[in-house]
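Notes for the one structure printed next.
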Amino acid sequence: MTPTPAPTSRSHTADVRLAHTSDVDTATLKAARALLYDVFDDMTSEDWEHSLGGLHALVHEGSELIGHASVVQRRLLHNGRALRCGYVEGVGVRADRRGRGHGAAMMGALERVIRNAYDLGALGASDEATAFYAARGWQLWRGRSWAFTPDGIRRTPDEDGWLYVLPASAPLDLDADLTCDWREGDVW
């Protein structure tokens with residue numbers, strides 16, 4: 001009789017479903033919002049709004065949503081050029097399902113979209129996630145960050161050192177200034 005192999009710490013990663021916000025049913029959107037509020041203790045209604053209007057990467061275990069991430073289109077100004085950016089928002093995996101490759105699977109799906117549809121990808125990383133993104137090829141933006149606001153272009157120094165980009169088709173100078181479009185709540 002052949003012995004059964006011991007389980008490993010990484011289980012088989014569930015399939016990632018990509019869907020535009022308009023194609024995600026209300027119950028799944030409610031579950032995604034609840035998941036993100038559980039994952040992030042500082043989640044706001046504006047943060048949730050930032051996750052809408054683009055493509056969602058969703059991971060289910062049975063009928064239960066255990067992972068969510070999204071990419072939405074934004075405009076970033078870099079070296080005098082307006083770039084079409086795939087901005088990643090709302091990346092979270094239920095606490096008891098972390099470390100099993102679900103986050104990597106969702107990011108892989110979104111990175112494929114970014115590389116094929118945008119000039120670059122960008123995101124604001126939490127301290128806990130910087131190593132995860134760097135290992136996936138995301139690069140720390142070393143230049144200063146700015147935002148177009150209703151009062152003109154303003155510095156966003158609190159974002160410096162937390163912004164990561166994924167080069168796609170546009171040449172990038174990681175030491176130059178980067179300016180994002182305006183939105184309510186956290187602009188980055």
Side-chain angles (χ1 to χ4, degrees), residues 20-21 24 28-58 65 67-79 81-95 98 103 106-107 109-111 113-114 117-134 136-168 170 172 174-188:
H20 190 275
T21 301
V24 179
T28 301
L29 288 174
K30 283 183 179 180
R33 183 177 179 154
L35 171 73
L36 293 176
Y37 271 85
D38 285 343
V39 169
F40 299 105
D41 58 1
D42 60 348
M43 185 78 179
T44 67
S45 60
E46 287 92 357
D47 294 332
W48 171 244
E49 289 292 324
H50 297 164
S51 297
L52 301 175
L55 287 177
H56 298 263
L58 305 165
L65 183 70
H68 173 275
S70 65
V71 62
V72 297
Q73 183 169 310
R74 298 191 68 188
R75 287 286 179 178
L76 301 184
L77 183 63
H78 173 59
N79 283 340
R81 184 172 169 215
L83 301 175
R84 194 177 58 258
C85 175
Y87 201 84
V88 174
E89 294 283 1
V91 180
V93 174
R94 202 172 79 187
R98 293 184 191 145
M106 291 185 304
M107 286 304 298
L110 295 184
E111 289 160 357
V113 169
I114 290 166
Y118 295 101
D119 296 320
L120 78 156
L123 57 82
S126 65
D127 190 38
E128 301 82 22
T130 57
F132 171 75
Y133 293 120
R136 300 191 58 75
W138 289 78
Q139 298 174 16
L140 176 66
W141 193 266
R142 298 181 301 262
R144 298 179 303 171
S145 63
W146 299 78
F148 287 103
T149 75
D151 299 320
I153 297 175
R154 301 282 186 241
R155 274 281 283 131
T156 55
D158 291 347
E159 302 303 326
D160 294 352
W162 301 106
L163 299 175
Y164 281 75
V165 296
L166 183 67
L172 300 174
L174 299 177
D175 296 308
D177 290 350
L178 190 63
T179 306
C180 68
D181 53 4
W182 173 251
R183 63 185 187 178
E184 295 295 328
D186 291 333
V187 293
W188 282 102

Minimum heavy-atom distance [X]-[Y], with the two atoms named:
X      : Y      : answer
His50  : Val72  : O-CG1, 3.5 Å
Tyr164 : Trp162 : CD1-O, 3.6 Å
Glu159 : Ser145 : CB-OG, 3.6 Å
Trp188 : Leu178 : CZ2-O, 3.6 Å
Leu76  : Leu120 : CD1-CD1, 4.2 Å
Arg33  : Ser45  : NH2-CB, 3.9 Å

Nearest 0.5 Å, please: how far is [atom2] in [Y] from [atom1] in [X]?
X      : Y      : atom1 : atom2 : result
Ile153 : Asp177 : CD1   : CG    : 9.5 Å
Phe132 : Ser126 : CZ    : OG    : 10.5 Å
Arg74  : Tyr118 : CZ    : OH    : 12.0 Å
Met107 : Ile114 : CE    : CD1   : 6.0 Å
Cys180 : Trp146 : SG    : CH2   : 12.0 Å
Leu163 : Leu174 : CG    : CG    : 11.5 Å

Would you say the side-chain atoms of [X] pair up with the backbone N or O of [Y], donor to acceptor, closer than 3.5 Å?
X     : Y      : result
Arg84 : Ala117 : yes
Ser51 : Ser70  : no
Asp47 : Thr44  : yes
Thr21 : Leu52  : no
Trp48 : Gly90  : no

Is there a side-chain contact between [X] and [Y] (heavy atoms, below 4.5 Å)?
X      : Y     : answer
Met106 : Val93 : yes
Asp38  : Arg94 : no
Asp119 : Arg81 : yes

Checking side-chain contact (heavy atoms from CB on, under 4.5 Å) for the pair Leu65/Leu58: CA distance, chi angles, key distance, verdict? CA-CA 7 Å; Leu65 183 70; Leu58 305 165; 4.0 Å; yes
Option among Arg144, Arg142, Arg155 that satisfies the salt bridge (Lys or Arg N to Asp or Glu O under 4.0 Å) test with Asp160: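 Answer after filtering Arg144, Arg142, Arg155: Arg155.
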Do Glu49 and Glu184 pass the side-chain contact (heavy atoms from CB on, under 4.5 Å) test, and can you show the C-alpha distance, the side-chain angles, and the key distance before you say yes or no? CA-CA 9 Å; Glu49 289 292 324; Glu184 295 295 328; over 6 Å; no
Derivation and outcome, side-chain contact (heavy atoms from CB on, under 4.5 Å), residues Leu83 and Leu172: CA-CA 10 Å; Leu83 301 175; Leu172 300 174; 4.0 Å; yes
List in chain and number order the residues that pass side chain to side chain donor-acceptor pair (under 3.5 Å) with His68, two or more places apart in sequence or in another chain; answer none if no residue qualifies.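 Once residues adjacent in sequence are excluded, the partners of His68 under the side chain to side chain donor-acceptor pair (under 3.5 Å) criterion are His56.
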Considering only NZ, NE, NH1 and NH2 on the basic side and carboxylate oxygens on the acidic side, decide whether Asp181 and Arg75 come within less than 4.0 Å. no
Charged N-O contact under 4.0 Å between Arg183 and Glu89: yes
Going by atom types alone, do Trp138 and Glu111 pair a side-chain donor with an acceptor below 3.5 Å? yes
